[in-house]
Amino acid sequence: MIQQSSRIIQYFKKLGSRLFHFRKKNLQLILISSLIFIVTTSLISYQSETIQSNLKIIKGNYFDSLFLRIYDESNNDLSDLQLEDPDLYLDSKLKRLLKQKKQYINQEDDDYWVLDTEIKDTKIQIPTYYQNSQSKPITQPFDPRFTLGIYYHYLNQQLKINSNVVVPFNWYDWVDLSDLNKHILAPISQKANCSILDARWDNHVYVKEKEKNRKLEEEWKKQHEEHKENQKRQDRIEVENPNQFCLNELPESYKEHSKYPGFNVFENPGKTTLEKAILAGKSYLYSFAPPPESIVFLTREGSYEVGIDSNKPLLSNNLPEIYYQNSGSKLDVLKEFTRLTKAHKPNTHRVLNDYLLNIPEESFKFKPDEIINQLESKTLSKNELSYLNSLKYSKFKVENGGPPKYFRESRLLDSVLGDHYDWRFFNGLNVGTKEHSLTLHRLIRTWLSFTRKNGIMTWIAHGSLLSWYWNGIAFPWDNDIDVQVPIMDLHKLSLNYNQTLIVEDPEDGFGRYFLDCGTFITLREKGNGNNNIDARFIDIDTGLYIDITALSESDTPTPEEYARTLSEDLKKLDGWYWKKNAFLKIYNCRDNHFSSHSDLSPLIKTLVEGEVGYIPQKYTNVLTKEYKNGLTNKGHSGYIFLPKVRLWLKEEDLYYFLKDRSKWVDYYTPNKDGIMKSISYKLSNEEIQKIQNPEGNPYKKITDMKLKDSEKEQAMNLGYDDLIELFKNDDLLIMKLSTTSFTKFHEDEIIKLLHDKSTYKMMKEHKDFTPLNYEPYLYKLRKHGDSYESKVDRFLQLELAYNEEQEQN
Ligand SMILES: *[C@@H]1O[C@H](CO)[C@@H](O)[C@H](O)[C@H]1NC(C)=O
Ligand SMILES: *[C@@H]1O[C@H](CO)[C@@H](O)[C@H](O)[C@H]1NC(C)=O
């Protein structure tokens with residue numbers, strides 16, 4: 001992890017004093033810029049002609065002339081602005097660049113549509129098999145707009161009758177299980193069975209292949225007298241016989257679908273191949289996974305919560321038919337949602353909205369015996385009973401031989417990246433892809449929205465807090481998100497929301513997340529190390545998750561840095577860690593990270609990736625404790641932070657830009673027919689080989705091109721006009737334009753915080769930042785040029801083909 005926070009702080013402090021200085025002189029300008037922002041956001045969508053004519057009307061004062069200079073396309077001279085407000089200068093130049101690029105590039109190749117993140121394409125057609133009494137197909141495609149539209153409608157109807165709504169639920173309608181189609185549809189005689197998930201042979205091949213490569217490489221090294229340590233990962237063989245996790249025949253009592261594949265996974269499959277891991281998770285969801293305990297539907301103001309009363313899927317639970325009878329064959333998920341929120345006020349009585357949130361000290365004290373006694377003395381709801389059982393089981397396991405690992409990730413034979421995914425919802429590796437970053441953005445936003453609207457205190461932690469600090473958004477190289485809660489908030493989560501499905505506000509997107517709280521909540525020390533994570537908030541489309549850890553008083557040895565401040569009497573005591581920690585008001589998670597009450601509380605309201613959230617009051621203390629010894633590192637993980645654009649940019653990109661700028665600019669400037677030059681701005685593989693591997697080792701891995709320290713410095717100091725050339729790269733341009741207004745807000749905020757100025761007013765008056773990135777489901781759909789209606793057709797045709805083949809046989 002990064003170890004440069006003191007540098008970070010210095011950087012922002014410097015920037016702050018510069019800006020404050022600048023600001024005082026230019027208060028008027030600041031006011032004007034924000035005004036411009038409001039006016040232009042409403043104007044910018046008009047044709048430029050409309051803008052021109054509007055401009056004529058409001059000509060006259062300073063504001064107008066500034067406005068004119070920025071948005072009058074014929075005026076190319078922004079040089080005054082460059083001095084007065086370089087940031088605004090850069091933005092307006094980049095907006096012009098975007099416009100130019102759009103003119104050149106052919107509509108279909110253009111990727112700039114991702115910049116328009118407003119949710120559109122919300123209307124779909126109800127499949128005909130719900131409209132008449134024709135027989136239902138066996139499979140149907142997953143589309144969150146269909147499922148959510150139907151459920152919002154149903155919820156609206158039910159709330160008229162009863163405030164405690166229960167609904168049917170089957171995973172089939174909430175996750176894309178189409179990989180199972182051919183197995184579901186296959187005639188009995190041709191069905192696959194659990195042996196399709198047997199990875200023992202794959203493992204055999206994999207281990208042999210690795211061994212072979214290692215030997216070849218060693219020989220080569222011997223020849224060349226290289227003695228570099230060959231890091232070989234021990235390939236532990238934990239590949240299981242499929243009968244350990246899979247049944248060919250599903251027991252009758254589990255059956256909710258009309259047909260099943262010949263294999264039914266009831267347990268995580270252990271180490272396996274990527275394809276088998278995907279199939280196993282989907283098979284589990286199709287055949288065995290119990291439905292969630294409840295569903296929480298988020299809205300802008302609050303949420304609705306419903307219980308589950310059956311496991312019936314939409315194909316047989318009659319909800320689509322009810323919709324069709326009431327509303328006809330067209331379905332607009334946003335319209336259904338608006339109807340629902342207009343007719344029934346969502347639950348808002350638990351919403352946390354204070355600027356400062358005091359965390360009671362009691363929130364860090366967990367007394368399982370008291371909770372068990374309380375629960376045992378009353379009649380219990382289903383949730384309470386399940387929680388009580390977990391508490392007792394947890395106590396028992398902790399006292400007798402240590403608890404087993406609770407969470408299960410996808411374990412792959414040839415990649416450790418599977419560890420970033422919950423095995424049940426795994427849908428393939430996507431770390432580093434667009435889908436990955438789109439998903440993480442929604443994950444954190446929905447977690448913050450869900451917890452805040454349901455009275456759960458939480459704050460971002462570790463790498464997520466550090467990345468927030470820099471520019472308010474995640475590090476581009478980060479694979480995971482970390483949040484913390486006080487132990488009593490984990491208690492609330494476990495009691496009320498364990499195994500709950502949380503549905504994103506559809507005005508923002510169609511994400512669905514599963515909250516899973518680990519059993520062993522009574523263990524507050526590291527124990528056997530099996531369960532460092534307390535709970536997970538899992539994206540059910542990909543299996544990516546947020547790690548939730550709880551801070552609590554515990555018997556973990558008091559860290560030296562805190563123990564120093566103990567009174568002599570307490571210092572003398574051997575052990576007694578619980579007492580010492582409680583006295584010091586320091587709390588730890590099961591991975592032994594400590595924080596003190598005064599560092600955490602009160603939490604301060606902020607925006608994280610545009611969503612309202614909270615951070616520890618003394619976040620700089622928290623960060624310096626974890627990432628101390630400001631190294632002179634000017635970058636991290638192959639990225640460099642450029643303060644002027646408030647973004648982490650790839651070192652490799654900067655490498656090519658700095659080495660040969662004209663090549664870079666040429667490459668990213670389409671000619672007037674919209675065709676990109678065929679040259680590449682990158683070095684060829686041979687050229688890179690020559691630089692990185694002069695000795696010609698055929699086994700040497702080629703890495704990204706790296707900058708020297710002086711070049712890094714050069715990159716960080718690029719001027720505004722240099723940056724405009726750098727952002728000719730389409731991906732960089734998109735990244736900049738989609739984040740610029742939010743990162744600006746964050747910069748103003750962090751500068752205030754660093755100068756001990758309150759951000760109360762900023763947080764009260766901030767604009768509503770809708771998601772900065774495109775909706776992941778709609779992104780995929782648009783990328784593939786697909787639609788719900790054509791998916792329905794394809795599914796029906798597939799079934800037809802299977803039926804015909806069967807009749808022929
Ligand atoms: C399972 O499928 C494999 C491969 O198709 C076949 O060889 C085996 O006989 C099948 N086993 C059972 C129990 O049907
Ligand atoms: C959450 O639910 C799961 C599944 O029922 C259960 O195994 C686990 O123990 C529960 N966790 C807590 C803290 O109650």
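Keep in mind that this is a model prediction, so the values were computed, not measured. Counting starts at 1 for both ligands and their atoms, following the listed order. Only this structure's heavy atoms are used, side chains among them; waters, hydrogens and symmetry mates stay out. For reference, positions follow the sequence shown, starting with 1.
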Any N or O of Asn248 closer than 3.5 Å to N or O of ligand 1: no
Just jot down the side chain to side chain donor-acceptor pair (under 3.5 Å) partners of Tyr777, sequence neighbours excluded, or say none. Asp143, Lys791
Heavy-atom contacts with ligand 2 below 4.0 Å: which residues, ordered by chain and residue number? Tyr387, Ser390, Tyr406, Ser494, Asn498, Gln499, Cys517, Gly518, Thr519
Ligand-residue contact atoms, ligand 1 with Ser195, heavy atoms, under 4.0 Å: 1 (C), 2 (O), 3 (C), 4 (C)
Under the 3.5 angstrom rule, does the side chain of Lys397 hit a backbone N or O of Lys392 as a donor-acceptor pair? no
Quick one, Asp516 with Arg424, criterion salt bridge (Lys or Arg N to Asp or Glu O under 4.0 Å). Give me CA distance, side-chain angles, the key distance, then yes/no. CA-CA 12 Å; Asp516 195 356; Arg424 296 164 288 187; 2.8 Å; yes
Below 30° counts as parallel, above 60° as perpendicular, anything between as tilted: where do the rings of Tyr406 and Phe520 land? perpendicular
Using only atom types and a distance under 3.5 Å, with no angle test, would you say the side chain of Asn193 pairs donor to acceptor with the backbone of Gly262? no
Answer yes or no: is there a donor N or O on one side and an acceptor on the other, between the side chain of Lys191 and the main chain of Tyr260, under 3.5 Å? yes
From the list Asn530, Asp534, Asn532, side chain to side chain donor-acceptor pair (under 3.5 Å) with Arg590 holds only for Asp534
